[in-house]
Number of protein chains: 2
Amino acid sequence: MIKNDIVLEIEKKSEFNRAKSLSIVETILASLKESLVKNEKIEIRGFASFKVVSKKTGYGRDIRRKKQIKIKKGKRIKFKPGQDLKNI
Amino acid sequence: MIKNDIVLEIEKKSEFNRAKSLSIVETILASLKESLVKNEKIEIRGFASFKVVSKKTGYGRDIRRKKQIKIKKGKRIKFKPGQDLKNI
DNA sequence: ACTTTAATGATCAAGAATGATATCGTCCTA
DNA sequence: TAGGACGATATCATTCTTGATCATTAAAGT
């Protein structure tokens, strides 16, 4: 499933045209991103929750040279499925 | 951020009332859930991707009795942030 | 339809998530 | 608006993801 599938779904279930449906999807995505950027937790009961936490992992790996690499720490988004998605 | 915040955002950016905005959000959520239930991958470029994988963890822990518990295996939803959310 | 550009896969080691359950805190439906 | 239902938390050992890079696959904008 890709973004366009969601747009088509809205188009089908509502009375909006493609452009309008797309703008709705974009609005939602922008809203979600903005919330996460602000370190806000997102909780959609019955679907899932997203939480921003700080990363502690401080290394990675270079495949070609086969050795470790130091990595700058940052943030991480923790995804947790809700009840409806727990036992799929 | 909770579901209602998204509804309000749609209400603000469009010309729809609360009920209409809510139904749009529900439509999208149902569509996403249905996709995951069918083991389909979801990929929204610039936002994130969701993939269903099989669980291999086969144990847990009883806090009160402080001992291990056998767990039935199942599925798991893997969440991967897209480029816009990689360095938030 | 075509092009652009993001996502995936592979690799390894250490840090992190998973999983059951009861209680507390909070979303959201009636 | 209020209570009912769902989510967060803590616990520990094992499984799993993270992280950089580049080629390959594919999303999505034109």
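First the proteins, then the strands, lettered A, B, ... as listed; each starts at 1.
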> For the pair made of NZ in A:Lys86 and P in C:dA17, what is the distance, rounded to whole Å?
Replying inline: 16 Å

> Between B:Glu43 and B:Lys51, is there a side-chain N and carboxylate O pair less than 4.0 Å apart?
Replying inline: no

>> Holding to side chain to side chain contact (heavy atoms under 4.5 Å, CB included), I want the full list of residues that pass it with B:Glu40, two or more places apart in sequence or in another chain.
In response: A:Met1, B:Ser35, B:Lys38

> Are any non-hydrogen side-chain atoms of A:Lys3 and A:Glu26 less than 4.5 angstrom apart?
Replying inline: yes

>> Expressed as a whole number of angstroms, how long is the span from A:Lys75:NZ to D:dG19:C1'?
In response: 19 Å

> Which heavy-atom pair separates B:Ile44 from A:Ile2 by the least distance, and what is that distance?
Replying inline: CD1-C, 3.9 Å

> With a cut-off of 6.0 Å (strictly less than), are more than 12 heavy atoms of other residues, nucleotides or ligands near NZ of A:Lys13?
Replying inline: no

I'd like a table of donor-acceptor pairs (distance under 3.5 Å, sequence neighbours excluded) in which one partner is a side-chain atom from residues 18-25 of chain A, with atom names and distances.
unit_1  : atom_1 : unit_2  : atom_2 : d
A:Arg18 : NE     : A:Glu11 : OE1    : 2.9
A:Ser21 : OG     : A:Asn17 : O      : 3.0
A:Ser23 : OG     : A:Lys20 : O      : 2.9

> Taking the side chain as C-beta and beyond, is there a heavy-atom pair between B:Asn39 and B:Lys75 under 4.5 Å?
Replying inline: yes

> Any idea which heavy atoms bring A:Pro81 and A:Ala48 closest together, and the distance?
Replying inline: CA-CB, 4.0 Å

>> Tell me the interatomic distance from A:Lys80, atom NZ, to C:dG19, atom P, rounded to whole angstroms.
In response: 10 Å

> Which whole-number value in Å describes the distance from A:Lys51 NZ to D:dG7 C1'?
Replying inline: 10 Å

> Rounded to whole angstrom units, what separation is found between the CD1 atom of B:Ile77 and the C1' atom of C:dG19?
Replying inline: 16 Å

> What do the steps show when you test A:Asp84 against A:Phe47 for side-chain contact (heavy atoms from CB on, under 4.5 Å), and what is the final call?
Replying inline: CA-CA 6 Å; A:Asp84 291 6; A:Phe47 182 70; over 6 Å; no

> Does A:Arg76 have a side-chain nitrogen or oxygen under 4.0 Å from the phosphate oxygens OP1 or OP2 of D:dT17?
Replying inline: no

> Does some side-chain heavy atom of A:Val52 sit less than 4.5 Å from a side-chain heavy atom of A:Val37?
Replying inline: no

>> Using whole Å, what does the distance between atom P of nucleotide D:dA27 and atom CG of B:Asp84 come to?
In response: 17 Å

> How does protein contact run along nucleotides 22-30 of chain C, one letter per nucleotide 5' to 3', with B for base contact, S for sugar-phosphate only, - for none, heavy atoms under 4.0 Å?
Replying inline: S--BBBSS-

>> Pick the closest DNA chain D nucleotide for B:Pro81 and for A:Ser49 by heavy atoms, then say which residue is nearer the 5' end.
In response: A:Ser49

> Out of D:dA8, C:dA6, C:dG9, which has the shortest distance to the side chain of B:Gln83?
Replying inline: C:dA6

> In chain order, what residues pass the ring pair (Phe, Tyr, Trp, His ring centres under 6.0 Å) check against B:Phe79, with sequence neighbours excluded?
Replying inline: A:Phe50, A:Phe79, B:Phe50

> Can you list, by residue number, the residues of residues 28-36 of chain A that have a non-hydrogen atom closer than 4.0 angstrom to DNA chain D?
Replying inline: none

>> Just verifying a value: how many Å separate B:Lys33 NZ and A:Leu85 CG, rounded to the nearest 0.5 Å?
In response: 6.5 Å

>> If I take atom CZ in residue B:Phe50 and atom P in nucleotide C:dA7, what distance separates them, rounded to the nearest angstrom?
In response: 13 Å

> Which sits closer to the 5' end of DNA chain D, B:Ser54 or A:Phe47, going by the nucleotide each is nearest to?
Replying inline: A:Phe47

>> Without decimals, in angstroms, what is the distance between A:Phe79 CZ and C:dA16 C1'?
In response: 17 Å

> Can you tell which of D:dT17, C:dA7, D:dC6 lies closest to the side chain of B:Lys78?
Replying inline: D:dT17

> So what is the end-to-end bend of the helix from C:dA1-D:dT30 to C:dA30-D:dT1, with 5 pairs used at each end and the value given to 10 degrees?
Replying inline: 160°

